[in-house]
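Structure record follows, encoded as structure tokens.
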Amino acid sequence: MKKFLALVLSVLMVLSLVACGGEKTTDTDTTPDTTTTEPVDVVLATGGTSGTYYAVGGVLQTVLGDKLTLCNLTVESTGASKANVNMMTDGEAQMAILQSDVLNYAHEGTFTFAETGAETSALWVMGIYNETVQILAKPGINTVSDLKGKTVCVGDVGSGTEVNAWQVLGAVGLTKDDVNAVNGSFQDGVDQLKDGKIDAAFTVAGAPTTAIVDYATTNELNLVSLSADELAKVTAEYPFLVEDNLAAGTYTGQDAEVCCVAVQAALVADETVSEDVVYELVKAIYDNQADLTAGHAKWGLLSLETALDNTAPMHPGAEKYYKEVGAL
């Protein structure tokens, strides 16, 4: 009997050890994974504080700031398109809003990037809205050809505005010998026009543009409308410049439609920004487009069709989203 009891106790002890071992393994397997990924810092380069880029970028940060889990998005005022490309190249910004044609120049090493050559790693995320080439001038200047012999602000040095200004001027036969060109921001151009220091100023931005809105409240507004012949010459020589007219009433004192050309404002990301970060941002933009539009009307112009009018290779994160929704 003693031997039998000893045997039973031995078996019970073995079963107890096995059971304890099984429970230990189960506890280990179900321990929650507390590993977290810290959000990365993403600087979005925009433009001057009186331009549309800065306002559009600011709304993006305000609306999506607490909805993004993979990045901390901050907006920075800059010298706009070319400066934004350079900031991304130098690692000072990870994303940017810039002109679609300037992005193309950066990849091909043409126009403002002809001396440095192709050097950007910026990839397409989306086209947001058209940027209209607007020419604000003194009364009496009615066509682009009328700018011959006049002092004209063509935008900041090396900016997309400067490139487009010379494209429009050149297409109608005006050279740098025919125009006294000065450089400056949108606000500089408006202020100099108010002070009588210049005769006209180019602004390439989504309309209505803050600097021109402010000008129109206290000054007689005169926006130069391209003639049919001028429009044909500009669009024939530069196909990426498309007709984009300003409807009457876009600005105070603008009683008639103004014939203009435009490029596209594009959101881009450096190739070093992860696919997941860009995917989350693109999805958040479309999921919250109504709130973005309430903050700035330009977000209401975003569509899947125009978003894919890319002038450079697309970022994998953006491509993932567009494929997911069937746009690609």
Item to check | Heavy-atom donor-acceptor pair, E280 side chain to L70 backbone, under 3.5 Å | outcome: yes

Checklist entry - Given I285 and L60, is the side-chain contact (heavy atoms from CB on, under 4.5 Å) satisfied, shown in steps? => result CA-CA 8 Å; I285 287 173; L60 190 68; 3.7 Å; yes

Next on the checklist: Quick one: does any side-chain atom of K298 pair with a main-chain N or O of A207 as donor and acceptor, under 3.5 Å?
Outcome noted: yes

Next on the checklist: If we check side-chain contact (heavy atoms from CB on, under 4.5 Å) with Q94, which of these qualifies: V40, V277, V273, V268?
Outcome noted: V273

Item to check | Check: N310 side chain, A312 main-chain N or O, donor-acceptor pair, under 3.5 Å | outcome: yes

Checklist entry - Checking side-chain contact (heavy atoms from CB on, under 4.5 Å) for the pair V261/T235: CA distance, chi angles, key distance, verdict? => result CA-CA 8 Å; V261 290; T235 55; 4.1 Å; yes

Item to check | Minimal non-hydrogen separation, A265 against Y53, with atom names | outcome: CB-CE2, 4.0 Å

Checklist entry - Between the side chain of E230 and the main-chain N/O of V172, is any donor-acceptor distance below 3.5 Å? => result no

Item to check | C71 to V42 - nearest heavy-atom pair and separation | outcome: CB-CG2, 3.7 Å

Checklist entry - Stepwise, does the side-chain contact (heavy atoms from CB on, under 4.5 Å) test hold for D270 with T120? => result CA-CA 8 Å; D270 192 80; T120 186; 6.0 Å; no

Checklist entry - Roughly how far, to the nearest 0.5 Å, is CH2 of W124 from CG of L103? => result 7.0 Å

Next on the checklist: Are the side chains of Y251 and Q134 in contact, using a 4.5 Å heavy-atom criterion?
Outcome noted: yes

Item to check | Spacing of CE belonging to M314 relative to NZ belonging to K323, to within rounding of 0.5 Å | outcome: 10.0 Å

Next on the checklist: Is any side-chain heavy atom of V182 closer than 4.5 Å to one of T151?
Outcome noted: yes

Checklist entry - Which heavy-atom pair separates C259 from E243 by the least distance, and what is that distance? => result SG-OE2, 4.1 Å

Checklist entry - At their closest point, which heavy atom of A211 faces which heavy atom of Q187, and how far apart are they? => result CB-OE1, 3.9 Å

Next on the checklist: Taking atom NZ as the centre, does K67 end up with more than 12 heavy-atom neighbours from other residues, nucleotides or ligands that are less than 6.0 angstrom away?
Outcome noted: yes

Next on the checklist: Count I, L, V, M, F, W, Y as connected when their side-chain heavy atoms are under 4.5 Å apart, and connections chain through other members. Are V56 and L73 then in the same cluster?
Outcome noted: yes

Item to check | hydrophobic_cluster_shared for V282 and Y129, side chain cutoff 4.5 Å | outcome: yes

Next on the checklist: Donor-acceptor pair, distance only, cut-off 3.5 Å: does the side chain of T209 make one with the backbone of I212?
Outcome noted: no

Item to check | Exercise: identify the closest heavy-atom pair between I198 and C153 | outcome: CD1-CB, 3.8 Å

Next on the checklist: side-chain contact (heavy atoms from CB on, under 4.5 Å) for L281 and M95? Distances and angles first, verdict last.
Outcome noted: CA-CA 11 Å; L281 177 62; M95 298 189 74; 3.4 Å; yes

Checklist entry - Any idea how F240 and Y105 line up, ring-wise: parallel (<30°), tilted (30 to 60°), or perpendicular (>60°)? => result perpendicular

Next on the checklist: For residues I135 and L223: do they belong to one hydrophobic cluster (side chain heavy atoms under 4.5 Å, members Ile, Leu, Val, Met, Phe, Trp, Tyr)?
Outcome noted: no

Checklist entry - Between the main-chain N or O of S227 and the side-chain N or O of T143, is there a donor-acceptor pair closer than 3.5 Å? => result no

Next on the checklist: I'd like to know whether OH of Y54 has more than 12 heavy-atom contacts from other residues, nucleotides or ligands below 6.0 angstrom.
Outcome noted: no

Item to check | Worked check of salt bridge (Lys or Arg N to Asp or Glu O under 4.0 Å) between K233 and E237 | outcome: CA-CA 6 Å; K233 289 178 179 178; E237 190 163 350; over 6 Å; no

Checklist outcome for this item: Rounded to the nearest 0.5 angstrom, the OG1-CG distance for T293 and L301 is 8.0 Å

Next on the checklist: For G155, is there any backbone N or O sitting under 3.5 Å from a side-chain donor or acceptor partner on N183?
Outcome noted: yes

Item to check | Inter-residue atom distance L44.CG - L267.CG, 0.5 Å rounding | outcome: 6.5 Å

Checklist entry - Is it true that atom NZ of K138 has more than 12 heavy atoms of other residues, nucleotides or ligands lying nearer than 6.0 Å? => result yes

Checklist entry - What's the verdict on side-chain hydrogen bond (donor to acceptor under 3.5 Å, both in side chains) for N164 and Q99, showing C-alpha distance, side-chain angles and the deciding distance? => result CA-CA 10 Å; N164 294 145; Q99 290 182 204; 2.7 Å; yes

Next on the checklist: Between Q192 and D195, is the side-chain hydrogen bond (donor to acceptor under 3.5 Å, both in side chains) condition met? List the steps.
Outcome noted: CA-CA 5 Å; Q192 291 170 6; D195 295 340; over 6 Å; no

Item to check | C260 side, atom SG; D244 side, atom CG - distance, nearest 0.5 Å | outcome: 7.5 Å

Checklist entry - Linking I/L/V/M/F/W/Y whenever any side-chain heavy atoms sit under 4.5 Å apart, do V258 and V133 land together? => result no

Checklist entry - Above 12 or not: heavy atoms from other molecules or residues under 6.0 Å from NZ of K148? => result no

Checklist entry - Hey, does the side chain of D191 reach the backbone of D188 with a donor-acceptor pair shorter than 3.5 angstrom? => result no

Checklist entry - Between the main-chain N or O of V152 and the side-chain N or O of D199, is there a donor-acceptor pair closer than 3.5 Å? => result no

Only pairs under 3.5 Å count here: list side-chain donor-acceptor contacts from residues 84-93, not counting sequence neighbours, and write none if there are none.
unit_1	atom_1	unit_2	atom_2	d
N84	OD1	T78	OG1	2.5
N84	ND2	T46	O	2.7
N84	ND2	I97	O	2.8
N86	ND2	K82	O	3.4
T89	OG1	V85	O	3.0

Checklist outcome for this item: Between the CG atom in L174 and the CG atom in L169, the distance rounded to the nearest 0.5 Å is 5.5 Å

Checklist outcome for this item: Shortest non-hydrogen pair, V242 vs P239, comes out as CG1-O, 3.9 Å

Next on the checklist: Quick one, L302 and Y286 - any side-chain contact, counting heavy atoms below 4.5 Å?
Outcome noted: yes

Next on the checklist: Determine whether a donor-acceptor pair (N or O, by modelled atom type, separation under 3.5 Å) exists between the side chain of D178 and the backbone of T175.
Outcome noted: yes

Checklist entry - Would L226 end up clustered with L221 when hydrophobic side chains under 4.5 Å apart are linked, directly or stepwise? => result no

